[in-house]
Amino acid sequence: MKNLIKFSIISFIVLFLLEITTPVFIKLGYLDKGLPAWVTLYADKETSYWHPKNVTFEIEKKNCWQSKVTYNNLGMRQVKDISKKNKKRIALLGDSMVENIELSDGYDLSSRIQKKLQNYEVMNFSVRGTGLSDQLDVYNKYIKNNEIDILILFITENDFINNYHLHSKNHSKSFKFINNKVIEIERDKKFFEKYDSNFYKLRREISKNFKGLNLYKLYLKTLHVLKTKNQNTNYKIDKKIIHNKYEVDFEKKIRIYDHIKKEFLNNLQNDIKLYVILNLRPYTFEKDNLLNNQEVFIKKKVIPYLLNTWKDYKEFNPYKNAKNFMINRDIFAYPYLSMNCDAHYSEIGAEFYAEYVEGIIKQ
C-alpha cells in the first residue's frame with residue numbers, strides 16, 4: 001500500500017512538472033499551440049467519418065493557420081445546436097472545403113452564409129475526407145431526419161477518387177469496377193470491432209475531455225512521432241498510384257462516380273430542392289505551365305468530366321463569378337480563394353462562396 005501511494009505521488013509530481021514545463025516546448029516550436037486537425041475526425045461505420053459531439057477544439061496547422069472549431073449536439077461543424085424547426089432549412093453537404101476547419105467559428109463558410117441568409121437556418125453536414133458515396137450516407141443518416149428544404153451539394157475534384165478502392169481507407173465505403181460492373185466493398189467490420197471497443201471509446205472520451213491540457217499536446221506529439229516512424233517502416237505504396245491517382249483507371253473511376261451519382265439522386269426526397277456547386281482550387285486559375293502534371297490532368301480531364309455529368313445544374317460552375325469577385329477586389333493573385341500555405345478556403349474564399357450561395361437562393 002505504501003509503495004502504491006509513493007508511486008502515485010511521484011507520478012503526480014512528474015505529470016505536474018510536465019504540465020507546467022510543456023509551454024516552454026511550445027514556445028521553442030517543438031510542440032504546436034493547437035491540436036492536430038485529426039482529433040476532430042472519428043471513424044464511423046455508417047458514414048465513414050463523423051465528428052465528436054458537444055465540443056470545441058483549438059486546432060493548428062503549424063506555420064499556416066490556427067482556428068477554434070465547434071461541433072454541436074449532432075456532431076456538425078457549427079456552434080448552434082439543432083432544435084425544433086422554426087425557419088426553412090438549408091443543408092450544406094461536402095468535404096473539407098465546406099467543413100472549413102481552417103477558419104474559426106463565425107468566420108467559416110457556413111457561418112458567413114447564415115449571416116447573409118437570416119430567414120433560413122443553415123446547417124453544415126460536411127465532413128472532410130469523404131466522397132460522394134459517404135456524403136450520400138450522411139444524407140440518409142442525418143439530413144433526411146432534419147426537415148431540410150434546400151440541399152446544397154459542393155463537389156470537389158477529389159470526390160472523384162475518394163470512394164475508389166485504391167484510395168479509400170479501410171473504414172470507408174469503396175468500389176471496384178470489375179467485368180463491366182460496379183462492385184461495392186463494405187466497410188471493414190474487424191476495424192470497427194476494435195474501434196468501437198470499450199477501451200478505444202474510453203480513450204476517445206479521455207482525449208475529448210482533457211484536450212485543454214498541455215500534457216495532451218505532448219501525448220499527441222509522441223503518438224504522431226511513433227505513428228510516422230511505424231508507417232515509414234511498414235507501409236508499402238505503389239508510387240505510380242499515389243503520384244498519378246487521378247490518371248490511373250480514369251475510365252473505371254468515371255463509371256463508378258456515375259453509379260454513385262445516380263444512387264445519390266435516386267435517394268433524394270422529392271420535396272428537397274437541390275443545388276450543386278463546384279469547389280474551386282487555386283490551380284483552377286493558374287496557367288498550365290505553372291502546374292504539375294496531376295494538376296493539369298485535373299484541370300483538363302477531371303473538372304470537364306464533372307462539369308458535364310452535373311450539367312443539369314446551372315449553378316454548378318462559379319468560375320466566372322469567382323474571377324470577377326477577385327478582380328473587383330484587386331486580389332487576383334496567388335493564392336486566390338485559398339491560403340498561401342493550404343489549398344482550403346481562406347476568409348476570402350469563404351466570403352466569395354457565401355456571397356455566391358446568397359445569390360443563388362435569392363434568385
Side-chain angles (χ1 to χ4, degrees), residues 41 43-45 47-49 93-98 126-139 153-191 231-232 234-267 276-284 286 288 291-313 316-317 343-344:
L41 197 63
D44 190 286
K45 59 185 175 185
T47 60
S48 296
Y49 297 95
L93 181 60
D95 60 8
S96 57
M97 301 296 287
V98 188
S126 302
V127 191
R128 61 193 188 281
T130 56
L132 186 59
S133 185
D134 307 308
Q135 291 156 15
L136 171 57
D137 290 335
V138 170
Y139 173 84
L153 176 67
F154 289 82
I155 301 295
T156 308
E157 83 285 340
N158 57 12
D159 297 339
F160 180 69
I161 63 172
N162 278 347
N163 293 121
Y164 188 61
H165 70 104
L166 292 179
H167 306 300
S168 60
K169 304 286 186 180
N170 60 350
H171 61 272
S172 301
K173 185 190 287 185
S174 60
F175 297 84
K176 289 183 177 181
F177 190 76
I178 303 174
N179 297 327
N180 210 35
K181 290 183 179 180
V182 176
I183 308 297
E184 181 179 329
I185 303 169
E186 291 293 337
R187 298 180 182 91
D188 190 336
K189 292 182 179 178
K190 289 185 178 180
F191 170 87
Q231 285 179 341
N232 291 339
N234 300 318
Y235 190 50
K236 296 180 180 180
I237 60 173
D238 186 327
K239 291 185 179 179
K240 181 182 178 182
I241 290 174
I242 294 298
H243 295 296
N244 303 288
K245 59 185 178 181
Y246 289 90
E247 298 96 317
V248 171
D249 296 337
F250 181 68
E251 294 301 321
K252 290 182 180 180
K253 289 169 183 172
I254 286 177
R255 298 292 291 273
I256 289 171
Y257 189 88
D258 284 340
H259 170 85
I260 298 170
K261 178 199 165 193
K262 183 177 180 181
E263 186 180 4
F264 185 94
L265 294 175
N266 287 340
N267 272 267
V276 183
I277 299 176
L278 175 67
N279 286 313
L280 299 171
R281 304 271 197 171
Y283 51 74
T284 311
E286 247 340 336
D288 291 351
L291 304 176
N292 62 42
N293 290 339
Q294 182 168 273
E295 289 169 339
V296 171
F297 187 86
I298 292 170
K299 191 174 178 179
K300 298 293 185 182
K301 292 287 187 179
V302 178
I303 291 178
Y305 158 71
L306 291 171
L307 284 169
N308 182 63
T309 196
W310 292 102
K311 62 185 176 182
D312 293 338
Y313 297 87
F316 178 61
N317 188 5
H344 294 88

Contact summary for [X] and [Y], nearest pair of heavy atoms:
X: Thr130; Y: Asp95; answer: O-CB, 3.8 Å
X: Ala343; Y: Pro282; answer: O-CD, 4.2 Å
X: Val248; Y: Lys253; answer: O-NZ, 2.8 Å
X: Ser133; Y: Asn163; answer: N-OD1, 3.1 Å

Measure the spacing between [atom1] of [X] and [atom2] of [Y] and express it to the nearest 0.5 Å.
X: Ile161; Y: Thr156; atom1: CD1; atom2: OG1; value: 11.5 Å
X: Thr47; Y: Tyr139; atom1: OG1; atom2: OH; value: 15.5 Å
X: Asp258; Y: Leu132; atom1: CG; atom2: CG; value: 10.5 Å
X: Ile260; Y: Gln135; atom1: CD1; atom2: CD; value: 10.0 Å
X: Asn279; Y: Asn158; atom1: CG; atom2: CG; value: 9.0 Å
X: Asn293; Y: Asp288; atom1: CG; atom2: CG; value: 11.0 Å

Check: Distance only, no hydrogens: is a donor on one side chain within 3.5 Å (strictly under) of an acceptor on the other, for Asp249 and Tyr164?
Finding: yes
Checklist line | Donor-acceptor side-chain pairing of Ser48 and Asp134 below 3.5 angstrom | finding: yes
Item checked: Phe250 and Phe160 aromatic ring geometry - parallel, tilted or perpendicular at 30°/60° bounds -> tilted
Next item on the list: Give a yes or no on whether a salt bridge exists between Arg187 and Asp137, defined as a side-chain N under 4.0 angstrom from a carboxylate O.
Entry: yes
Notebook entry, point to check: Between Leu278 and Trp310, is a side-chain contact (heavy atoms from CB on, under 4.5 Å) present by the stated rule, with each step listed?
Noted result: CA-CA 10 Å; Leu278 175 67; Trp310 292 102; over 6 Å; no
Item checked: Lys45, NZ: over 12 other non-hydrogen atoms inside 6.0 angstrom -> no
A side-chain contact here means heavy atoms from C-beta on lying under 4.5 Å apart; do [X] and [Y] qualify?
X: Leu306; Y: Tyr257; result: yes
X: Ser126; Y: Phe154; result: no
X: Ile254; Y: Glu251; result: yes

Given 3.5 Å as the limit, does a donor-acceptor pair link the side chain of [X] with the main chain of [Y], or not?
X: Asn292; Y: Gln294; answer: yes
X: Lys245; Y: Leu166; answer: no
X: Ser174; Y: His165; answer: no

Margin query: Let's go through Tyr246 and Glu157 carefully: what are the C-alpha distance in whole Å and the side-chain angles of both, what is the deciding distance for side-chain contact (heavy atoms from CB on, under 4.5 Å) to 0.1 Å, and is it a yes or a no?
Written below: CA-CA 9 Å; Tyr246 289 90; Glu157 83 285 340; 3.8 Å; yes
Checklist line | Derivation of the side-chain contact (heavy atoms from CB on, under 4.5 Å) call for Tyr49 and Lys169 | finding: CA-CA 10 Å; Tyr49 297 95; Lys169 304 286 186 180; 3.1 Å; yes
Item checked: Full working for side-chain contact (heavy atoms from CB on, under 4.5 Å) between Met97 and Arg281 -> CA-CA 9 Å; Met97 301 296 287; Arg281 304 271 197 171; 3.6 Å; yes
Check: Partners of Glu295 by salt bridge (Lys or Arg N to Asp or Glu O under 4.0 Å), sequence neighbours excluded?
Finding: none
